[in-house]
A.B. asks: 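Structure incoming, see below.
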Amino acid sequence: MLLQIDGSRHDWLEGRGPYLTLIGGIDDATGKVPYGLFREQEDAQGYFLLLQQIVQHDGIPMAIYRDRHSIFTQTNAAKLTLDEQFAKKREPTQFGRLLEELAISSIAARSPQAKGRVERLWGTFQDRLVTELRLQQVASIEGANQVLWNFLPKFNARFAVPAMTEGTAYRALMATPLTEQLFC
């Protein structure tokens, strides 16, 4: 199972409130949007919260497809530490360590077009979700998240499709001291 994740900075509230970033993901096989949340900025905590909700409700995805944001991987501009030079690889970011701990493959896209599924989702949401936010006269991040969380089940019911093979491609979350610490 491949989960495409991304953030979309946009005037979601059309001037009634601050610019917000919608952080979310889409299941590449089914088109289901398992979770999303509005944040003030695209930040690591937003991606941690995204993954936490997805793991708790659906299970652990096999892989994520993401951009090359510094949240996911260290930039090449930074000099390698001595440990990194000996290991011949960069130390992972905090989010990268989480992916390693959960055995989630992380695939970096080389362009926005490569993440077409999630990029098209943002275009759809910038039309449909913005309209929902306008109709409900939302002017805050809290209100925007409430509308989003009510919107997603209806969106998924209309546009998600069943997987070709029965069952789930998500791995179950096993109770370990690490998962209890991360997700409780």
Side-chain angles (χ1 to χ4, degrees), residues 2-28 30-58 61 64-78 92-99 102 104 106-160 182-184:
L2 180 70
L3 182 70
Q4 291 191 24
I5 63 173
D6 196 22
S8 174
R9 182 108 175 121
H10 184 66
D11 186 12
W12 294 98
L13 304 177
E14 301 177 305
R16 294 182 308 279
Y19 263 67
L20 299 173
T21 299
L22 176 56
I23 295 177
I26 185 167
D27 182 313
D28 199 55
T30 65
K32 177 185 177 192
V33 180
Y35 188 71
L37 71 156
F38 283 105
R39 303 283 296 170
E40 290 179 8
Q41 299 289 329
E42 186 173 8
D43 61 356
Q45 184 181 17
Y47 284 102
F48 273 96
L49 293 169
L50 172 74
L51 195 55
Q52 177 185 25
Q53 290 298 316
I54 292 170
V55 167
Q56 285 179 332
H57 292 99
D58 296 306
I64 63 161
Y65 196 58
R66 42 91 181 163
D67 58 21
R68 295 178 177 270
H69 197 288
S70 61
I71 290 167
F72 306 115
T73 186
Q74 301 234 10
T75 61
N76 289 335
T93 62
Q94 286 181 323
F95 192 79
R97 282 194 296 275
L98 174 64
L99 296 177
L102 294 174
I104 300 172
S106 180
I107 305 165
R110 297 220 176 255
S111 69
Q113 295 81 3
K115 301 183 306 71
R117 192 108 192 219
V118 74
E119 296 294 343
R120 282 188 302 278
L121 177 69
W122 295 149
T124 301
F125 277 15
Q126 288 172 7
D127 178 38
R128 293 172 189 236
L129 183 55
V130 165
T131 301
E132 289 289 323
L133 293 165
R134 181 184 326 118
L135 290 172
Q136 296 189 36
Q137 300 177 355
V138 174
S140 69
I141 193 169
E142 295 83 11
N145 276 319
Q146 280 303 310
V147 169
L148 173 65
W149 297 331
N150 291 331
F151 175 83
L152 286 179
K154 294 182 271 187
F155 181 85
N156 287 332
R158 183 163 181 197
F159 296 107
L182 291 173
F183 297 112
C184 292

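Because the structure is predicted, anything quoted here is derived from the model rather than measured.
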A.B. asks: Applying salt bridge (charged side-chain N to carboxylate O under 4.0 Å, His left out) as the test, list every pair that has at least one member in residues 13-22; sequence neighbours left out.
C.D. replies: Glu14-Arg16, Glu14-Arg134
A.B. asks: Suppose the criterion is salt bridge (charged side-chain N to carboxylate O under 4.0 Å, His left out): which pairs have a residue in residues 140-158, not counting sequence neighbours?
C.D. replies: none
A.B. asks: Residues in side-chain contact (heavy atoms from CB on, under 4.5 Å) with Arg97, at least two apart?
C.D. replies: Pro92, Gln94
A.B. asks: Between Asn156 and Gly31, which heavy-atom pair has the shortest distance, and what is it?
C.D. replies: OD1-O, 4.2 Å
A.B. asks: Go through the structure and list residues passing side-chain hydrogen bond (donor to acceptor under 3.5 Å, both in side chains) with Ser106, not counting sequence neighbours.
C.D. replies: Arg66
A.B. asks: Got a sec, which residues hit salt bridge (Lys or Arg N to Asp or Glu O under 4.0 Å) with Glu40, two or more places apart in sequence or on another chain?
C.D. replies: none
A.B. asks: Do Pro18 and Leu13 have side-chain heavy atoms sitting under 4.5 Å apart?
C.D. replies: yes
A.B. asks: Within the 4.5 Å heavy-atom criterion, are Gln4 and Leu121 side-chain neighbours or not?
C.D. replies: no
A.B. asks: Holding to salt bridge (Lys or Arg N to Asp or Glu O under 4.0 Å), I want the full list of residues that pass it with Asp27, two or more places apart in sequence or in another chain.
C.D. replies: none
A.B. asks: Report the residue from Leu51, Asp28, Leu2 that forms a side-chain contact (heavy atoms from CB on, under 4.5 Å) with Pro61.
C.D. replies: Leu51
A.B. asks: According to side-chain hydrogen bond (donor to acceptor under 3.5 Å, both in side chains), who are the partners of Glu132, at least two apart in sequence or on a separate chain?
C.D. replies: none
A.B. asks: Could you work out, with side-chain hydrogen bond (donor to acceptor under 3.5 Å, both in side chains) as the rule, every residue matching Gln146, not counting sequence neighbours?
C.D. replies: none
A.B. asks: Can you list the residues that meet the salt bridge (Lys or Arg N to Asp or Glu O under 4.0 Å) rule with Arg128, with sequence neighbours excluded?
C.D. replies: none
A.B. asks: Leu129 versus Val147: any side-chain heavy-atom pair under 4.5 Å?
C.D. replies: yes
A.B. asks: Apply side-chain contact (heavy atoms from CB on, under 4.5 Å) to Ser8 and list each qualifying residue two or more places apart in sequence or on a separate chain.
C.D. replies: His10, Trp12, Trp122, Gln126
A.B. asks: Looking at residues at least two apart in the chain, or sitting in another chain, which of them share a side-chain contact (heavy atoms from CB on, under 4.5 Å) with Asn145?
C.D. replies: Leu37, Phe38, Ile141, Leu148, Trp149
A.B. asks: Residues in salt bridge (Lys or Arg N to Asp or Glu O under 4.0 Å) with Asp43, at least two apart?
C.D. replies: Arg39
